[in-house]
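Sequential numbering from 1 along the given sequence is applied to the chain's residues.
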Amino acid sequence: MHASGALQVEELDALDPGGGLTPEIADKMVENAIGVTALPFGIATNFTVNGKDYLVPMVVEESSVIAAASNGARIVRAAGGFLAQAQGRLMIGQVQIVECPDLAAAERALLQASERLLEEANDAQPGMLARGGGAREISVRRVAYSGTDRTDLVLHLYVDTRDAMGANTVNAMTEAIAPSVERIAGGRALLRILSNYTDRCLARAACDIPPGLLATNALSGASVRDRIVAAGRFAEADVYRAVTHNKGVMNGIDAVLLATGNDWRAIEAAAHAHACRAGRYTALTRWAVGAHGHLHGEIELPMPVGTVGGSIGVNPAVRTALGLLRVETAGELAQVCVAVGLAQNLAALRALVSEGIQRGHMALHARSVALAAGAAPELADTLAAEMAAQGEIGLRAARHLLARRV
Ligand code: MEV
């Protein structure tokens, strides 16, 4: 599948600096807008997820991210592709209840009034109900504060927001039910806001790779497999490595989130909370030797993406990105996102455990270096090749080569 065939001309126009987000639209999206800024919009190739092929739009400033994702996906595609699933799509709204005189009685009363509270929440957002979504469940938690004898109750409202990320819907619902919650619990509702730790909206992806597909010029596939497993264990055990490991995972995911107009800060925050769910920060992926000696990789993350709502319908380049992806639901987009994270991680680990990432990275980064040194874009490839040939990639070398041309 080629990007040129996958996009209409007008969709491509939306990727021109002047054709996408105009300053006029930007001014309606945020406050005090004085213009728009641009980032490269690229396409990662080779993705097969649950048997379907995808061209994946990525918006990112860092060289080699798109190449690495495509490279990881190419290996997995040869092994049959990623298997992915989106588990549930319930967002969470929180109502914090302070000054509750009898916690146990309040808990009981709130749970008994669940149906009524759900109805009230849905009455406040009839549009969501009409789209087949709506408030589905209520739970009540206790939050104790160390060093004090204070305990608050927190009501969680679980909302199916369909294909929207649904922050405004959830926030509006929590505000709508807060007066009833106060009456029922006998306390005071303080915060009424969604939780970005969306652990009822998880997505998972997995891959199984015969070792032969992992071989490099210098290393056998089995050796690369074992080294990737060892690198994965290192990230599971050591927070300093885990943060870098997860940064690499998020390189790919954030780029898709940006391209598709999603709230990447929310998903970043949720990802790192999820990485701590056992009480200690650890890797977001797992690598192990699986059946038949295959390399088995897994990822699991909260992935509350949307394909409608928010700024998604406003930015023409986002519409182009979604057109390119051809996902039918937000859950499908979530599956692609986690597969991208796993592909990104695979490619990074394979490079790190073999020749290291610097050679490949600098070869791709050299073009940016050439531009930063003042080269015209049409000269960037030539200058990059010259720097690579002389074994020095950097601003000094680029400036020197440029000076020789005049
Ligand atoms: C660079 O942006 C990302 C990596 O550092 C990730 C990793 O170390 O796993 C290559």
Side-chain angles (χ1 to χ4, degrees), residues 6-7 11 14 21 29 47 49-59 82 84-93 118 121-137 157-174 193-205 252-271 300-341:
L7 289 176
E11 291 177 302
L21 188 58
M29 289 172 72
F47 275 88
V49 183
N50 296 336
K52 178 171 168 184
D53 290 339
Y54 294 91
L55 290 170
V56 182
M58 295 177 91
V59 169
F82 295 94
Q85 58 183 147
Q87 274 222 326
R89 264 195 71 79
L90 291 179
M91 306 302 159
I92 301 171
L118 290 173
N122 285 324
D123 285 348
Q125 292 288 301
M128 188 50 77
L129 208 58
R131 289 203 294 282
R136 296 273 193 257
E137 277 176 47
L157 179 70
Y158 297 94
V159 186
D160 177 350
T161 55
R162 308 309 288 172
D163 288 321
M165 193 247 185
N168 289 327
T169 301
V170 175
N171 290 342
M173 284 180 170
T174 57
I193 183 77
L194 92 165
S195 166
N196 284 119
Y197 186 32
T198 41
D199 63 352
R200 298 282 300 269
C201 184
L202 297 177
R204 299 196 177 96
I253 293 176
D254 282 343
V256 184
L257 298 176
L258 263 166
T260 55
N262 274 288
D263 183 344
W264 74 96
R265 289 88 57 209
I267 292 170
E268 275 280 347
E300 179 192 271
L301 273 182
M303 199 48 70
V305 284
T307 51
V308 296
S311 70
I312 289 169
V314 180
N315 187 337
V318 166
R319 286 200 292 275
T320 296
L322 288 169
L324 187 72
L325 260 171
R326 304 201 190 290
V327 289
E328 276 166 27
T329 60
E332 190 183 343
L333 175 58
Q335 293 172 14
V336 173
C337 287
V338 284
V340 169

May I ask you to decide if Tyr197's main-chain N or O and Ser195's side chain share a donor-acceptor pair within less than 3.5 Å? yes
List the steps and the verdict of side chain to side chain contact (heavy atoms under 4.5 Å, CB included) for Leu90 and Thr161. CA-CA 7 Å; Leu90 291 179; Thr161 55; over 6 Å; no
Taken to the nearest 0.5 Å, the spacing of Gln87 CD from Glu300 CD works out to 7.5 Å
Salt bridge (charged side-chain N to carboxylate O under 4.0 Å, His left out) filter on Arg319, not counting sequence neighbours, yields none
Check your understanding: Distance under 6.0 Å and angle within 45° of the ring axis: does Arg326 meet both against Tyr54?
Key -> no
Derivation of the side chain to side chain contact (heavy atoms under 4.5 Å, CB included) call for Arg89 and Arg162: CA-CA 7 Å; Arg89 264 195 71 79; Arg162 308 309 288 172; over 6 Å; no
Nearest heavy-atom approach of Gly306 to Ile312 is O-CD1, 3.3 Å
- Message: When you compare the side chain of Leu333 with that of Leu325, does any pair of heavy atoms fall below 4.5 Å?
- Response: yes
Taken in chain and number order and not counting sequence neighbours, the residues that satisfy salt bridge (charged side-chain N to carboxylate O under 4.0 Å, His left out) with Arg265 are Asp263
Quiz prompt | Min side-chain heavy-atom separation Met128-Asn122 under 4.5 Å | solution = no
- Are Val56 and Val336 close enough, and set up right, to give a side chain to side chain contact (heavy atoms under 4.5 Å, CB included), and what steps lead you there? CA-CA 8 Å; Val56 182; Val336 173; 4.0 Å; yes
With sequence neighbours left out, the residues meeting salt bridge (charged side-chain N to carboxylate O under 4.0 Å, His left out) with Glu268 are none
(request) Indicate yes or no for a side-chain donor-acceptor contact from Asp163 to the backbone of Ala330 under 3.5 Å, with no hydrogens or angles considered. (result) yes
**OP:** Determine whether Arg200 and Glu137 make a side-chain contact, defined as any pair of heavy atoms from C-beta on separated by less than 4.5 Å.
**Re:** yes
Closest non-hydrogen contact found for Val49 with Ala339 is CG2-CB, 3.8 Å
*Is there side-chain contact between Lys52 and Glu332, with heavy atoms separated by less than 4.5 Å?*
yes
Nearest heavy-atom approach of Ala270 to Thr198 is CB-OG1, 4.2 Å
Subject >> Main-chain N/O of Ile267 paired to Asn196 side chain as donor or acceptor, under 3.5 Å >> reply: no
**Study point:** Pair Ile253-Leu301, side chain to side chain contact (heavy atoms under 4.5 Å, CB included): steps then yes or no
**Key:** CA-CA 11 Å; Ile253 293 176; Leu301 273 182; 3.3 Å; yes
Heavy-atom nearest pair, Gly331 first then Ala86, reads O-CB, 3.6 Å
Taking the side chain as everything from C-beta on, heavy atoms only, tell me whether Pro304 gets closer than 4.5 Å to Met91.
yes
Nearest heavy-atom contact between Cys337 and Val256 is SG-CG1, 4.0 Å
Between the main-chain N or O of Val159 and the side-chain N or O of Arg136, is there a donor-acceptor pair closer than 3.5 Å? no
Notebook entry, point to check: Can any side-chain N or O of Asp160 pair as donor or acceptor with the backbone N or O of Gly134 at less than 3.5 Å?
Noted result: no
Taking every heavy atom of Leu324 against every heavy atom of Pro57, the minimum-distance pair comes out as CD2-CB, 3.9 Å
Rounding to 0.5 Å, atoms CG (Leu129) and CZ (Arg131) come to a distance of 10.5 Å
**Request:** For the residue pair Ile92 and Leu157, establish whether any side-chain heavy-atom pair is separated by less than 4.5 Å.
**Result:** no
Separation between CG (Leu21) and CG (Asn315), nearest 0.5 Å, reads 4.5 Å
Margin query: Quick check on Asn168: does its CG atom have over 12 non-hydrogen neighbours (other residues, nucleotides or ligands) under 6.0 Å away?
Written below: no
Fill in: Val305 side chain near Leu257 side chain, heavy-atom distance below 4.5 Å
yes
d(Leu118 CG, Met173 CE) to nearest 0.5 Å is 9.0 Å
*Do Val340 and Phe47 have side-chain heavy atoms sitting under 4.5 Å apart?*
yes
Here the gap from Leu258 atom CG to Trp264 atom CH2, rounded to the nearest 0.5 Å, amounts to 5.0 Å
